[in-house]
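Structure record follows, encoded as structure tokens.
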Amino acid sequence: MNPSSTPSLDRALVWFRRDLRAHDNAALYHALKAARAVWCVFVLDRDILDPLPRLDRRVEFILASLADLDGQLRARQPQARLIVRHGRAVDEIAALAKALGVDAVYANHDDEPQALQRDAAAREQLAALGIALHTSKDHVVFERSEVLTQSGTPYTVFTPYKNAWLKKVDAFYLRAYPTDKYASRLAALAADVAAHLPTLAEIGFEPTNLAALKIPTGSTGARALLDDFLPRIAEYGTARDYPAIKGPSYLSVHLRFGTVSIRELAAAAQAQRSAGAAVWLSELIWRDFYHQILHHHPHVVGHSFKPDYDRIEWDHGAHAEALYAAWCEGRTGYPLVDAAMAQINQTGYMHNRLRMVVASFLTKDLGIDWRWGERYFATHLNDFDLAANNGGWQWAASTGCDAQPYFRIFNPVTQSQKFDPQGKFIRRYLPQLARLPDKLIHAPWTARPLDLQAAGIELGRDYPRPVVDHDDARARTLARFAVVKASAADADADADAD
DNA sequence: TTTTGAGTTGTTCGA
DNA sequence: GTCGAACAACTCAAA
């Protein structure tokens, strides 16, 4: 007999949040190992859902993934059910834990500020009932203070962080939690506990086009995407740069909701040993990096990582609002930017290079606060993750840790010529420009009247003229950042004077 | 403690 | 068309 198989607890509850899978799940494993009977619950949290617009692809993604998770649990133990509740998470968890008479609740870490508050409140309410809340790392390979510099401080520059990450990682950190080993402990529900998975309408949401987009959901969908990606991972390093090509894994939304295990992905990337796999692993390490940054520097929510950069005066007022609306709605007159915004608006996804292009455009061409763009992505991206989204926006705006230098300003036309040379991506999302020749599709305003006429386009009617001139905007941005530099120099001079 | 090397993804200019 | 340099110093991490 394996002594570790003797459970120390009678009953436990697993609280699923952003880890919607039954395999390789730390909290589920620890609960199954510890208790004789284990129940599983997900709470559709009203604190999160109620403020949302009634159309949100992510809510549908979650419901579909919950159905998948329920199926995964039943496949392991036919009487097992995923309990789904709709209410305030803390109250629902405490009530259910009490009703089931569990000794402990198990969950995985979520280091977003609001989630930490929620978990602290849950821990307190459960403690009042004499129930423990045990939490585990699951969402990242290394979290919090697991990767530190030699002097014991958190890294703020990616490359040395990555080197330390790679040095530390080994089979131990990437092994799967063998949840199947104790699957028989998944318990049936008593008759008075409902496991009902509500419909979209029952929680007050309207159907989106998620199903029409054929975005794979649940851990079953994630498995299909991974199987599709691994054969082309060697080409990822170059293919990922071209938005018209199927280069990425499209697993980001699954990493967001935990329908795939980060350990499995990192292990798969390491096993491949191709240049492309190394680049992809790097992207996974960026994800750990930004989660770790958020944990150590929670001020990045709402503020520049570098305080000096909070002195930047972004444009505001009616003109800025109008430019922002043009950006949101994809009518800036820069085809690659507009096509990218059409992609996010129509699908909830945007290609990574385009995220950089539109972020650079919003902050450096339109002079608009990166937080406006961050908020737009937060509400529109299916894969929205606070840590990565904030890190990405601050990188693009040059306000973040290890940010792009502020004078490195993307040229939306050059990016278009380089990464969508045949305008394939642009034509997919801006069919009104489809008949423009490849050479002109990146900057329609440079086309001769005859060329526009031949393509059936009248600027200002079928497609907007550019809302700003890139060269002018570039000069204004350099001036805007020069103010930061001056204020930083002043601060240094003040410090020297003291 | 001091020194040294290095830093995701780019653009523009001039030769 | 292609190439190298400048962009602007600054901070981090490690030796």
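None of these values were measured; they are calculated from a predicted model. So you know, we letter chains A, B, ... as the sequences are listed, proteins then strands, and number each from 1.
The separation between A:W395 atom CH2 and B:dG7 atom C1' is 12 Å, rounded to whole Å. Between A:Y242 atom OH and B:dT9 atom P the separation is 16 Å, expressed in whole Å. For A:N163 and B:dG7, the CG to P distance is 9 Å, given to the nearest whole Å. Protein atom OH of A:Y236 is 11 Å distant from nucleotide atom C1' of B:dT9, rounded to whole Å. In this structure, the CD1 atom of A:I285 is 16 Å from the P atom of B:dT9, given to the nearest Å. Between A:Q394 atom CD and B:dT9 atom P there is a gap of 17 Å when expressed in whole angstrom units. For the pair A:N411 CG and B:dT12 P, the interatomic distance rounds to 5 Å; values are reported in whole Å.
The P atoms of B:dT11 and C:dA9 are separated by 22 Å, rounded to the nearest whole Å. On the P atoms, C:dA8 is 15 Å away from B:dG14, given to the nearest whole Å.
Contacts of A:F410 with the nucleic acid, taken as non-hydrogen atoms under 4.0 Å apart, involve only primed sugar atoms and P, OP1 or OP2. Among the atoms of the strands shown, only primed sugar atoms or phosphate atoms (P, OP1, OP2) are found under 4.0 Å from some heavy atom of A:Q415. Across all strands shown, A:K162 has no heavy atoms under 4.0 Å from either base or sugar-phosphate atoms.
For A:Y161 and A:F289, the distance between ring centers is under 6.0 angstrom.
Side-chain N/O atoms of A:R408 include one lying less than 4.0 angstrom from OP1 or OP2 on B:dT9. Taking side-chain N and O atoms only, A:K306 has no distance below 4.0 Å to OP1 or OP2 of C:dT11. Distances shorter than 4.0 Å separate some side-chain N or O of A:Q150 from OP1 or OP2 on C:dA15.
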Note, DNA chain B 5' to 3' with Watson-Crick or G-U pairs under 3.5 Å encoded as ( ), [ ], | and . gives .||||||..||||||
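Nearest heavy-atom pair, A:R57 versus A:L213, reported as atom, atom and distance to 0.1 Å: NE-CD1, 3.8 Å.
Ranking B:dT11, C:dA14, B:dG10 by closeness to the A:R353 side chain, first place goes to B:dG10.
The residue from A:T135, A:D119, A:N108 that alone fulfils the side chain to side chain contact (heavy atoms under 4.5 Å, CB included) condition with A:W15 is A:D119.
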